[in-house]
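Note sheet for the following structure.
Please read all numbers here as calculations on a predicted model, not as lab measurements.
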There are 4 protein chains.
Amino acid sequence: MPVERGERATPAQVQGHDRAVSAAGEGKAPRTERGRRTMRAILDAAALEFGERGFHEASISGITRRAGVALGSFYTYFDSKDAVFRALVRDMSDQVRDHVAPLIRAAPDQLAAERAGLLHFIEFVRGHKELYRIIDEAEFVDPESFRLHYATTAERIAKRLQAAATRGEVRGDVSEVHAWAIMGMNVFLGLRYGVWSEDVSPEAVAETIGDMLATGIAPR
Amino acid sequence: MPVERGERATPAQVQGHDRAVSAAGEGKAPRTERGRRTMRAILDAAALEFGERGFHEASISGITRRAGVALGSFYTYFDSKDAVFRALVRDMSDQVRDHVAPLIRAAPDQLAAERAGLLHFIEFVRGHKELYRIIDEAEFVDPESFRLHYATTAERIAKRLQAAATRGEVRGDVSEVHAWAIMGMNVFLGLRYGVWSEDVSPEAVAETIGDMLATGIAPR
Amino acid sequence: MPVERGERATPAQVQGHDRAVSAAGEGKAPRTERGRRTMRAILDAAALEFGERGFHEASISGITRRAGVALGSFYTYFDSKDAVFRALVRDMSDQVRDHVAPLIRAAPDQLAAERAGLLHFIEFVRGHKELYRIIDEAEFVDPESFRLHYATTAERIAKRLQAAATRGEVRGDVSEVHAWAIMGMNVFLGLRYGVWSEDVSPEAVAETIGDMLATGIAPR
Amino acid sequence: MPVERGERATPAQVQGHDRAVSAAGEGKAPRTERGRRTMRAILDAAALEFGERGFHEASISGITRRAGVALGSFYTYFDSKDAVFRALVRDMSDQVRDHVAPLIRAAPDQLAAERAGLLHFIEFVRGHKELYRIIDEAEFVDPESFRLHYATTAERIAKRLQAAATRGEVRGDVSEVHAWAIMGMNVFLGLRYGVWSEDVSPEAVAETIGDMLATGIAPR
DNA sequence: GATGAATGAGTGTTCATTCAT
DNA sequence: CATGAATGAACACTCATTCAT
């Protein structure tokens with residue numbers, strides 16, 4: 001889920017409310033201001049509902065109840081339960097990236113960038129514990145977006161690693177395999193130290209893993 | 001999911017058919033040989049059904065149809081859909097461990113062991129693609145077993161790393177954090193190169209990650 | 001089941017259709033007129049279905065088929081099979097009381113009132129043979145309403161008897177025991193001469209029992 | 001449920017264990033002593049199971065579990081769930097009659113007999129609270145035996161009343177209507193003061209009702 | 001006779017989606 | 001746009017009954 005150095009934020013990504021609505025590519029574009037507010041309310045309610053109850057336990061009526069709108073209004077903005085879910089996955093996916101990307105870009109070199117990526121990812125997760133419940137459940141609800149999310153993320157990591165390699169910041173043979181390994185580490189560390197328990201600080205985790213990534217665990 | 005060096009197989013783990021049945025702690029113990037066979041058939045059918053359709057799409061009648069038994073027979077051995085699922089997660093969890101453990105133990109040192117663990121894990125996954133669909137879906141269906149599975153696995157990795165540290169085979173400061181990172185890498189690499197695509201050989205992946213784990217990715 | 005003299009009808013009790021719907025305290029209040037009609041149709045259909053087949057043989061689909069609505073509509077108005085049943089018991093209980101109460105109040109004295117109560121109760125039962133099947137089955141389906149129904153009825157009879165005693169219309173020592181005895185007589189006579197067979201006229205039964213109640217069966 | 005003066009006990013009715021088995025006309029006669037014991041165990045267990053859970057909640061497996069025999073053994077002795085239930089209704093019906101009949105016959109006259117009948121009926125009920133749960137549920141499970149039970153009981157009461165009338169112990173015009181009234185009173189008083197609560201002694205109830213039956217409730 | 005595994009018909013309940021108002 | 005009543009497909013689970021051992 002973390003993003004990486006060099007990424008550019010599109011204008012839409014840095015704004016507040018409108019972003020999520022636009023990110024909801026799955027939804028039907030509202031024409032009035034009133035409609036925009038209703039759609040936003042539904043999307044926020046859906047994050048709560050899916051986050052608390054999971055996709056299958058969640059219900060459309062639960063979403064509209066939380067949003068304070070009538071059941072039927074849901075279908076004014078989304079075609080189906082799957083559609084909101086997809087919109088939400090994309091929304092959350094963008095949120096992580098938008099949060100972590102600038103902090104990665106600010107790092108002096110790629111190893112520091114990876115350390116920062118993990119650090120801020122864990123921090124973000126602590127404040128958004130519904131993240132895993134939503135993104136990971138996509139594996140079963142909408143494999144397409146799940147696959148897309150991780151494939152895209154891994155690809156970006158790989159590109160940055162290779163760019164860093166040409167700059168001499170990392171070994172020359174870094175590949176997609178390394179990217180997947182790094183992504184896997186981060187996801188599991190976020191789950192363990194972000195969601196499950198906060199018994200180790202994000203800084204400590206990032207420090208430890210930064211070291212391991214840089215020089216390995218072979219005895220010196 | 002991979003296991004690690006030094007682990008001892010209990011007698012039950014190395015047997016074939018009876019093991020899975022005994023692992024099905026959730027089920028109701030059959031009292032006759034015929035019952036034992038029926039239960040095994042149901043458990044195998046459940047692996048297929050859940051693997052192909054996922055927990056929510058799967059149906060009890062689908063399971064019994066595959067198993068070639070009557071619908072009602074399901075309830076002779078399991079209390080509910082959740083109960084078979086739990087039994088299955090434990091069953092599969094044990095299967096991975098039983099497959100990989102001896103190969104890890106055969107490694108000359110801990111770094112080689114980690115390499116072997118990843119190698120054989122990916123190989124195992126290629127032959128059991130339903131693994132992820134089942135174990136990962138537990139996060140949503142039965143968080144308890146999901147948590148237990150990964151917590152237990154991480155703890156074992158951590159113990160082996162620390163034992164290896166005292167033997168001087170890895171750095172002295174290896175910790176739980178390293179264990180989670182290694183587990184995360186393996187799980188994602190298994191997903192990418194075991195389930196999604198076989199475009200890179202398990203040997204190549206294991207070799208690459210073995211190197212990274214040993215000496216890191218900092219430029220030499 | 002019969003009611004007694006002196007009772008005041010509340011406005012809700014004397015109206016026709018709305019009453020039963022409001023009596024259905026178990027149901028979910030409809031918000032539109034269309035909803036009100038659907039709920040009433042379901043309640044009426046339930047009386048038929050439960051009356052003809054009994055609680056356990058009755059099916060929700062049988063109820064909705066009779067009501068001419070979709071299966072799912074049932075759950076728009078009632079939470080469960082038990083819930084309609086409870087609503088129905090209350091509905092029927094109120095119907096008897098509303099029918100008999102004014103006729104009891106019109107009697108010149110308490111002995112005449114008891115006679116009238118029995119008379120009109122038997123008559124009512126003849127036109128509503130599903131009454132017993134529904135109210136008495138509550139003993140097994142929903143003991144709470146069964147108990148409430150009879151406890152309340154007995155208590156009212158007792159109160160009227162005591163009020164009559166102070167007016168000198170009956171013996172001074174009438175008690176709860178007499179009330180239960182009278183209620184028991186009425187219920188069984190209603191069953192025998194209202195539901196099972198109409199071989200004796202309600203008038204004759206009421207006359208006979210009126211006499212017995214007044215002066216007993218000891219030889220003069 | 002109470003019986004009345006002058007009734008003759010058949011030999012089978014006064015024996016202990018064998019009686020119930022023979023009363024189980026619905027069952028299949030066991031040929032061996034072992035079989036006789038098994039059948040008795042099943043019948044006793046059925047009384048418990050039906051008494052505690054009611055007909056529909058009761059299960060054959062619940063009965064055999066209580067009886068300590070295998071599920072299949074049930075069908076060695078009874079054809080169906082309905083069949084045990086019928087056997088049980090008859091069994092209990094006979095038990096009440098056997099208990100109350102001799103005490104009724106011992107009374108000096110018919111009014112005293114009715115008083116005694118009610119008294120001992122309530123006492124019996126207090127020791128056999130499953131009575132109502134079983135006999136009354138027959139109205140819905142097996143209307144035939146329900147009807148038979150009450151029709152027979154009422155008829156006997158009527159006959160005794162008429163015999164007493166010829167002896168001058170009660171009014172000359174006693175009829176079936178009186179019999180049903182008396183039976184109804186007794187059943188409801190048994191329910192109220194035998195099963196629901198024991199707040200009034202059976203003696204007091206019988207005394208009160210004996211008086212009412214003899215001289216009515218009109219002011220003197 | 002006793003055992004308990006196997007059978008499968010039957011039904012209450014949920015909820016995404018549609019549509020008349 | 002908003003509303004909420006109406007729809008009906010889909011499924012887990014129960015349990016009386018049968019029968020091979």
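Two residues, C:Arg53 and B:Thr76, neighbour DNA chain E, and the one matched to the more 5' nucleotide by heavy-atom proximity is B:Thr76. In terms of position along DNA chain F, the nucleotide closest to D:Glu57 lies nearer the 5' end than the nucleotide closest to the other residue of the pair D:Glu57 and B:Arg34.
A centroid separation of less than 6.0 Å is found between the aromatic rings of B:Phe85 and B:Phe55.
Distances shorter than 4.0 Å separate some side-chain N or O of A:Ser73 from OP1 or OP2 on F:dT3. Taking 4.0 angstrom as the limit, A:Tyr77 places a side-chain polar atom (N or O) nearer than this to OP1 or OP2 of F:dA2. Between B:Arg37 and E:dA5 there is no side-chain N or O to OP1 or OP2 distance below 4.0 Å. Note on B:Tyr75: a side-chain N or O is less than 4.0 Å away from OP1 or OP2 of F:dC13. At the phosphate of F:dT3, neither OP1 nor OP2 sits under 4.0 Å from any side-chain N or O atom of C:Thr32.
Using a 4.5 Å heavy-atom cutoff, the side chains of C:Arg86 and C:Glu144 are not in contact. Contact annotation: the side chain of C:Asp136 approaches that of D:Glu139 to within less than 4.5 Å [non-hydrogen atoms, C-beta and beyond].
Taking atom CD1 on B:Ile63 and atom C1' on F:dA12, their separation rounds to 11 Å, with Å as the unit. Summarising the geometry, the separation between CD1 on A:Ile42 and P on F:dA2 is reported as 8 Å, rounded to the nearest angstrom. Separating the CE atom of D:Met39 from the C1' atom of E:dG1 is a distance of 14 Å, rounded to the nearest angstrom. To the nearest angstrom, C1' of F:dC11 lies 13 Å from NE2 of A:His56. Taking atom CD on A:Glu33 and atom P on F:dC1, their separation rounds to 11 Å, with Å as the unit. One interatomic measurement links the two molecules: CZ of B:Phe78 to P of F:dC11, which rounds to 21 Å at whole-angstrom precision. When the C1' atom of E:dT11 is taken as reference, atom CG of C:Asp82 falls 14 Å away, rounded to whole Å. Note: CZ (A:Phe55) to P (E:dT14) measures 19 Å, nearest angstrom.
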task: Under the side-chain contact (heavy atoms from CB on, under 4.5 Å) rule, what do A:Leu43 and A:Leu88 come out as? Steps first, then yes or no, please.
output: CA-CA 7 Å; A:Leu43 213 43; A:Leu88 207 53; 4.0 Å; yes

- prompt: Is there a salt bridge (charged side-chain N to carboxylate O under 4.0 Å, His left out) between D:Arg36 and D:Glu33 once you walk through the steps?
  reply: CA-CA 5 Å; D:Arg36 220 171 339 264; D:Glu33 175 51 27; 3.1 Å; yes

task: Decide yes or no on salt bridge (charged side-chain N to carboxylate O under 4.0 Å, His left out) for C:Arg66 and C:Glu52, but give the supporting numbers first.
output: CA-CA 12 Å; C:Arg66 287 173 199 260; C:Glu52 279 179 24; 3.1 Å; yes

- prompt: Could you go step by step and tell me if C:Val141 and C:Phe146 meet the side-chain contact (heavy atoms from CB on, under 4.5 Å) rule?
  reply: CA-CA 9 Å; C:Val141 173; C:Phe146 178 78; over 6 Å; no

field: Steps toward side-chain contact (heavy atoms from CB on, under 4.5 Å) verdict (C:Ile63, C:Phe50)
entry: CA-CA 9 Å; C:Ile63 293 173; C:Phe50 287 131; 4.1 Å; yes

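Here the nucleotide nearest the side chain of C:Ile60, chosen from E:dT17, E:dG12, E:dT7, is E:dG12. Comparing atom distances between the A:Ala70 side chain and each of F:dT17, F:dG4, E:dA16 picks out F:dG4 as nearest. Closest contact between the side chain of A:Thr38 and the listed nucleotides F:dA12, F:dA2, F:dA5 involves F:dA2.
The residue B:Leu71 sits close to a base: some heavy atom pair falls under 4.0 Å.
In DNA chain F, stems built from 3 or more consecutive Watson-Crick or G-U wobble pairs, each with both distances under 3.5 Å, span E:2-21 with F:2-21.
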